[in-house]
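First comes the structure, then the notes that go with it.
Since we're looking at a predicted model, the values are computed, not measured.
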Amino acid sequence: MSGTVSSWILSSARSSIILQGKGRWYSIRIPNRNKIKWKLVFSKTCPYPAGSCSLDRTLSFPKAFRHTSTEEEHFSFQLSPAQINDILRAGELSHRTLDLNGKNANSVLRFESNQLASNSPIEDRRSAATCLQTAGMMFGVFDGHAGAACAQAVSERLLHYIAVSLMPRQSLEEIELAVEAMKPVRPILQWHRHPNDVEYREITSQYFENLRVYWQHLLDLDAEPGFSLEEAMICAFKRLDSDISLEVQAPQENELMRNIALQVAFSGATACVAHIDGVHLHVANTGDCRAVLGVREEDGTWSTLPLTRDHNAYDEFEIRRLKREHPRSEEKTLFVNDRLLGILMPSRAFGDVQLKWSKELQHSILENSCDVEALNIYQYVPPNYHTPPYLTAEPEVTYHKLRSKDKFLVIASDGLWEMLSNEKVVNLVAGHLTELNMQKPPLTFKKPVNLGYMHNLLLQRKSKGLASLDQNTATHLIRHAIGSNEYGEVDPEKLAAMLTLPEDLARMYRDDITVTVVHFNSETIEDYYRSH
């Protein structure tokens with residue numbers, strides 16, 4: 001394998017023409033060009049849009065094994081199994097839902113999540129939270145491009161906007177009265193976070209104030225807001241994107257907050273959010289993240305139920321939508337080389353004001369800003385930019401009523417789906433769950449129990465491979481996504497090679513990958529149908 005994968009990567013690296021950009025290396029030869037969402041458009045100054053934001057934060061994945069050079073003498077694809085596991089499992093997150101009695105009456109049994117970076121820093125984000133003032137749980141995956149700033153902001157804010165949209169008038173009034181009286185406000189969400197997940201603490205107060213303006217708007221409505229869940233999710237997506245646009249236009253004395261607002265607005269993010277309340281599952285999707293349901297049929301076979309559509313140039317519905325929204329004279333220029341205006345792969349996203357604002361507004365904001373070049377923000381108006389906005393954050397919302405045969409939901413950024421099909425993902429999760437169950441024999445104790453007896457039992461379990469098996473289903477998917485050979489089996493040498501790719505090569509062969517797997521409680525779902 002080292003004579004195939006590693007030599008292939010090295011020869012690719014040597015045959016590339018490397019240009020030095022602003023603090024970053026860019027290669028003209030891109031084997032998987034379609035995997036890069038923002039096309040690198042070369043100008044006299046530097047590539048646009050830039051790769052990473054100076055204010056980006058990231059999970060602290062181990063970097064000891066990540067190469068920074070493509071010189072042959074610096075290359076080593078040797079990683080021990082323990083080192084591979086350390087890298088793959090660094091971003092693991094799992095949570096089991098239990099009530100106060102230690103039982104689970106929730107339709108969500110547990111969820112597992114993980115991330116693996118390709119970009120440095122990673123541009124993906126994820127969120128998971130339990131609604132405290134309304135019912136349900138929410139799970140989100142956010143795929144950033146042109147930096148992580150927008151994905152970071154959306155991951156912190158969007159679930160709050162959805163929760164507020166669902167709250168009854170009385171609850172909104174109680175929160176507003178508490179804020180006016182400067183009293184503590186009851187939390188709206190209980191977050192389930194990885195210890196290394198970060199947030200923009202410097203701008204939290206502004207985010208809260210804008211959320212408050214939103215619930216004040218809901219209170220100003222003559223009657224009870226009365227949103228359906230679908231309406232609430234659509235309204236929340238659109239309102240947050242509007243706030244991102246307005247925040248960068250508002251006067252701002254604090255330079256740090258101004259810079260963050262600029263980076264958030266001029267980068268972008270796609271988003272996929274699931275809201276689960278009992279047997280009611282709603283999925284809101286903007287862009288090319290994806291949600292897929294794993295269904296176990298009565299005969300024991302597994303089937304796949306997609307709950308989202310990829311919003312891009314390959315989707316006929318999106319092409320027709322954009323043609324309806326723009327003059328016929330622009331039909332041939334809306335998508336160029338399978339990209340929106342020849343630049344962006346997804347046709348829906350948060351941020352990306354370069355494809356939403358007028359040329360005059362863009363010029364005005366950037367002209368009056370501080371050193372935007374230091375923030376990796378560059379003004380570039382694509383050809384045939386006549387009738388903006390060309391991009392929207394409005395999601396498509398899918399409703400599905402859960403059945404006892406619906407076993408799990410996989411939400412992931414396109415980094416996973418570029419490597420694995422929907423069917424392959426469902427089969428991998430199903431097979432992994434079966435393997436985990438088979439390799440967990442009950443510990444039956446003979447009396448009296450002594451240390452020797454316990455030691456033998458543990459050795460038996462270890463000999464069956466339980467110790468090396470991923471306990472996190474999301475990790476299992478990522479391992480197969482980057483390490484599978486043509487037979488669908490994980491090749492340790494290929495896996496090591498993909499994990500040790502230098503930063504200037506990694507993005508050419510794989511994207512950031514973020515996966516969340518939500519496991520459903522079949523007993524609770526069956527109880528619902530029995531009681532109804």
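- Using a 4.5 Å heavy-atom threshold, the side chains of Ile482 and Leu116 count as touching.
- The distance from the OG atom of Ser267 to the CG atom of Asn376 is 11.0 Å, given to the nearest 0.5 Å.
- Arg157 places no side-chain N or O within 3.5 Å of a backbone atom of Leu240 that could act as its donor or acceptor partner.
- Ring pair His95/Phe111 is tilted by interplanar angle, where 30° to 60° counts as tilted.
- No side-chain donor from either of Thr286 and His311 sits under 3.5 Å from a side-chain acceptor of the other.
- For the atom pair Asn312 CG and Ser347 OG, the distance stands at 6.0 Å (nearest 0.5 Å).
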Derivation of the salt bridge (Lys or Arg N to Asp or Glu O under 4.0 Å) call for Glu394 and Arg348: CA-CA 7 Å; Glu394 181 172 345; Arg348 303 193 193 195; 5.8 Å; no
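- Among Asp310, Thr308, Asn285, the one residue that satisfies the side-chain hydrogen bond (donor to acceptor under 3.5 Å, both in side chains) test with Arg290 is Asp310.
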Chi angles and distances behind the side chain to side chain donor-acceptor pair (under 3.5 Å) call for Arg479, Asn85: CA-CA 9 Å; Arg479 188 185 297 270; Asn85 287 339; 2.7 Å; yes
Evaluation steps, salt bridge (Lys or Arg N to Asp or Glu O under 4.0 Å), between Asp241 and Lys356: CA-CA 11 Å; Asp241 192 54; Lys356 296 174 181 175; 2.8 Å; yes
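- Val295 places none of its side-chain heavy atoms less than 4.5 Å from the side chain of Thr304.
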Check against salt bridge (Lys or Arg N to Asp or Glu O under 4.0 Å), Asp406 and Arg403: CA-CA 5 Å; Asp406 299 326; Arg403 308 153 297 180; 2.8 Å; yes
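- One distance of note links CZ of Arg89 with CG of Asn114; it measures 10.0 Å at 0.5 Å rounding.
- The side-chain heavy atoms of Leu341 and Leu355, taken from C-beta on, include a pair separated by under 4.5 Å.
- Residues Val292 and Val426 are in side-chain contact: their nearest non-hydrogen atoms beyond the backbone lie under 4.5 Å apart.
- A centroid separation of 6.0 Å or more is found between the aromatic rings of Phe142 and Phe350.
- Looking only at side-chain heavy atoms (C-beta outward), Leu93 and Arg126 come within less than 4.5 Å of each other.
- Tested against Glu112, the residues Thr516, Asn472, Thr473 include a single side-chain hydrogen bond (donor to acceptor under 3.5 Å, both in side chains) partner, Thr473.
- Heavy atoms from other residues, nucleotides or ligands lying under 6.0 Å from CZ of Arg309 number more than 12.
- Side chains of Gln471 and His476: no donor on one and acceptor on the other come within 3.5 Å.
- When only modelled atom types and interatomic distance are considered, Asp243 and Tyr161 share a side-chain donor-acceptor pair under 3.5 Å.
- Annotation: side chain of Phe237 is in contact with side chain of Ile162 (closest heavy-atom distance under 4.5 Å).
- Neither side chain, Gln115 nor Asp512, offers a donor N or O lying under 3.5 Å from an acceptor on the other.
- Atoms CZ and CG, on Arg339 and Leu344 in that order, are 8.0 Å from each other to the nearest 0.5 Å.
- Side chains of Ser522 and Lys407: a donor-acceptor N/O pair is present below 3.5 angstrom, by distance only.
- Side-chain contact between Asp288 and Trp417: absent, with no pair of heavy atoms (C-beta onward) separated by less than 4.5 Å.
- Residues Leu469 and Leu436 meet the side-chain proximity criterion, which asks for heavy atoms closer than 4.5 Å.
- Taken from CG in Asn106 to CG in Asp277, the straight-line distance is 8.5 Å, to the nearest 0.5 Å.
- One distance of note links OG1 of Thr301 with CZ of Arg296; it measures 9.0 Å at 0.5 Å rounding.
- Donor-acceptor pairing under 3.5 Å is recorded for the side chains of Ser413 and Asp124.
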